[in-house]
Structures are given as structure tokens and as C-alpha cells.
Amino acid sequence: PGQAQTWKSAAYRHNGGPNTPPGTAVPERQTLDLLLQTLTPEPVGDDRFIADNTHPEGQRLYGGQVLAQSLRAAVATVDPERRVHSQHAYFLRPGDPRVPVELAVERARDGASFSSRRVVASQHGKPILVSSLSFQLVQPGDDFQADLPDVPEPESLPSERERELATGSFEPDFQIITGLDLDVRVVDPVDWYHPVPREARLQSWMRTTGSVGDGTGLHEALLAYMSDAFLVDVTLLPHGRSFHGDMQIASLDHALWFHAPFRADEWLLNDVVAERVGGSRGLGRGRFFSRDGRLVASCMQESLQRRSE
């Protein structure tokens, strides 16, 4: 009670959503232009914004969409010389895909080198997500990072769209990683209809399907959108769980750190692992690497996972 089912792509695809038989023509709903439009909130005055949804025919909003919209709204109120370096958010209520998202930005502080913003995303007069973001002037310092994992090249892997169309598991109303906007290639895909316990790790190459511009905060917003795709999924792997059956699953919070410049229209390796599952919660951690080996962003998310009564 009081918790909504997760907003993940997999949550809908593998929790009773209709499937498309192999070879069936599918609507081209989720285009890159639509995604870019959705992630560009319209200012309506007094640090307030409004934004549309990427999947109006889906059962719920995708959390990554609201994360990204909150980031873009905050960016619009900060000196462009200050780059976002962290975002922390709590998912409070399930979103309604059929009404716009209202975003209110609070200018918490502008210091000598850091700025802080708080964003409340609302629908129907109630907050669905609250987010805090921090911005910093670019400054030099010591440098260290983890190494790029050894994985197959993206060209050797099928996209999730290709794979799901071929297997008949494609869901046209909720194309998070299977649309025409993102090219996502999973190294070792999961059969969510027949899950078995396995290593709690998911690795995937991700990028937009075409070139995008250099709007302030745009590439960071696109990565925020991508970062929400697998953090719940990976915590289900150790016990062979899925979104079928009597599990109540909900995203609780999300943290994201940006370490170095990158482009979301170039290949990024998303390396996701489960850190802990217990107490009816799961904690997932992700790392984004550029193809040349730079660790450009990290993320974590905790989710609710308990038996439905």
C-alpha cells in the first residue's frame, strides 16, 4: 500500500503487457525527435516548466523521463558555465502518462563555484518526484577511475528492438529500450519469461539512434533517461525473479553523478550490478563508460521488492 509498481520498461513488458508476434508491423511511435522534444520542458514563468510524455499510451510514466526533465528544468536556471555534477531524486507517486508534467525549480543557492537547485515534478496537483541537483564551475584536480570492463563490441550485438521483434516480445506502447530513439545492445540478455538465478550484472551499449545537438544539459539529460533502464532489473537476477507473479516492485530513489564530458549520441557502456538485496529492497549500481574507456557517470537506485499480499 502506498507504493506504485516500478516505472521500468521491463516492468510493463514482462508484467502482462501485450506482445507483438514476429513479423508484425509495429507503429513508429518512439522517435528520437519525440524524445528530444519531451526532454525539453517549456518555460511558463517564475522558474516553472511544463513537459509532455514519451509514452502516452503506456500504463505509467517512465521514471527516467521525469529525472531527465527535472535536470533540464534545473539547468535552465543556472549559469551555463556551471555543469551539473550530481542529481538525487525520490520517486513519490506513479506518473500519469496522459497528462503533462509540471516542474517547479527552487534556486536553493548560488555560491562562488557551486549552485544548488531543487525541482518538484507534479501531476494532478501532487508531487510525483522531488530532485536535488548540484552544479560546479569546471575546475582542474587529481584524476583516477576504474577500468573499462572487457565486453564485446556493440557492432557484434543485436539491438533490443531487433531482438524483441524477432522473438515476439516487443511492446509497442512502452518502448524504453526498443524504440527508434535509442540503440541499446545488451551483452547477455535476460529471458524474463523464464528467469533463472544468475550473476547480478547487466551490461549494455547505449546511444541515441542519431546525432543530437549541443543544448545545455541535453547530453546529461539523455544519460539520466538511459540510467533508469536496468537498475531494478539487475537486483532481480540473483534469485531468478521477474516482474511476473506476486512481487510488488517500485523504484524508491535514484542518484546520479557526472564525472567527465561525453556525448549521448556516441556509444556508452552501461555496466550495472546489484550491490545488495534484503529487507524487501534491492540496490543497484551503474557505471557509464565512453568507448575510449573514460568513466563519465555513475548511478545508483534502491527499489522496493516484496511479496504482494
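Remember, it's a predicted structure, so these values are computed and weren't measured experimentally.
- Side-chain contact between L236 and V190 is absent, with no heavy atoms from C-beta onward closer than 4.5 Å.
- At least one side-chain heavy atom of R281 sits under 4.5 Å from a side-chain heavy atom of L252.
- Side chain to side chain, Q305 and T235 meet the donor-acceptor criterion of an N or O pair below 3.5 Å.
- V119 and V75 fall within the same hydrophobic cluster, where Ile, Leu, Val, Met, Phe, Trp and Tyr residues are linked whenever their side-chain heavy atoms come under 4.5 Å apart, directly or through other members.
- One distance of note links CD of E106 with OG of S132; it measures 8.5 Å at 0.5 Å rounding.
- Under 3.5 Å, the side chains of E266 and S290 contain no donor-acceptor pair of N or O atoms.
- Two residues are said to be in side-chain contact when any heavy atoms from C-beta on lie closer than 4.5 Å; V44 and E102 fail this criterion.
- Within a 6.0 Å radius of CZ in R291, other residues, nucleotides and ligands contribute more than 12 heavy atoms.
- Salt bridge status for R263 with D265: present, with a side-chain N to carboxylate O gap under 4.0 Å.
- In this structure, D79 places its CG atom where more than 12 heavy-atom neighbours from other residues, nucleotides or ligands lie under 6.0 Å away.
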side-chain contact (heavy atoms from CB on, under 4.5 Å) between D188 and R198: does it pass, once the steps are laid out?
CA-CA 11 Å; D188 186 13; R198 53 175 273 185; 3.4 Å; yes
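- No continuous path of hydrophobic side-chain contacts links V151 to V273 [ILVMFWY only; heavy atoms under 4.5 Å].
- Within the 3.5 Å criterion, the main-chain N or O of L137 finds no donor-acceptor partner in the side chain of E81.
- A salt bridge is absent between E155 and R185: the closest approach of a Lys/Arg side-chain nitrogen to an acidic carboxylate oxygen does not fall below 4.0 angstrom.
- Here S131 contributes atom OG and L71 contributes atom CG; the two are 7.5 Å apart, rounded to the nearest 0.5 Å.
- Going from atom CG of L133 over to atom NE2 of H88 covers 8.5 Å, rounded to the nearest 0.5 Å.
- For V99 against Q123, the heavy-atom pair with the smallest separation is O-NE2, 2.9 Å.
- At a threshold of 4.5 Å between non-hydrogen side-chain atoms, the residues F91 and L67 count as touching.
- Considering all non-hydrogen atoms of both residues, V66 and A121 come closest at CG1-CB, 3.6 Å.
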Going through the checks in order, is the side-chain contact (heavy atoms from CB on, under 4.5 Å) test met by K126 and R93?
CA-CA 8 Å; K126 296 181 179 180; R93 291 178 175 86; 3.8 Å; yes
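- Cluster annotation: L182 and V186 are assigned to the same hydrophobic cluster (Ile/Leu/Val/Met/Phe/Trp/Tyr, side-chain heavy-atom contacts under 4.5 Å, transitive).
- For the pair L35 and L222, the minimum side-chain heavy-atom distance is below 4.5 Å.
- Within the 4.5 Å cutoff, no side-chain heavy atoms of V234 are placed close to those of R285.
- When all heavy atoms of L295 and F288 are compared, the closest pair comes out as CD1-O, 3.5 Å.
- Nearest heavy-atom pair across A74 and V105 is N-CG2, 4.2 Å.
- R98 CZ: more than 12 foreign heavy atoms inside a 6.0 Å radius.
- Across every non-hydrogen atom of S204 and F230, the tightest pair is OG-CE1, 3.4 Å.
- A68 pairs by the side-chain contact (heavy atoms from CB on, under 4.5 Å) definition with L39, A221, A224, Y225, not counting sequence neighbours.
- For E275, the CD atom is densely surrounded, since the number of other residues' heavy atoms within 6.0 Å is greater than 12.
- Residue R82 qualifies as enclosed at atom CZ: its count of foreign heavy atoms under 6.0 Å is above 12.
- Atom NE2 of H194 has 12 or fewer neighbouring heavy atoms from other residues, nucleotides or ligands inside a 6.0 Å radius.
- The pair D47-R117 fails the salt-bridge criterion, with no side-chain N (NZ, NE, NH1 or NH2) lying under 4.0 Å from an Asp/Glu carboxylate O.
- The environment of E153 atom CD is dense: over 12 non-hydrogen atoms of other residues, nucleotides or ligands sit within 6.0 angstrom.
- When side chains are defined from C-beta on, D214 counts as touching H219, because their heavy atoms get closer than 4.5 Å.
- The main-chain N or O of P152 is found under 3.5 Å from a side-chain atom of W205 such that the two form a donor-acceptor pair.
- Counted by atom type alone, S115 and D110 present one or more donor-acceptor pairs between their side chains at under 3.5 Å.
- Note that the CG atom of L223 and the CG atom of D228 stand 11.5 Å from one another [nearest 0.5 Å].
- The side-chain heavy atoms of L256 and F258, taken from C-beta on, include a pair separated by under 4.5 Å.
- Between V101 and Q65, the shortest heavy-atom distance links the atoms CG2-NE2, 4.1 Å.
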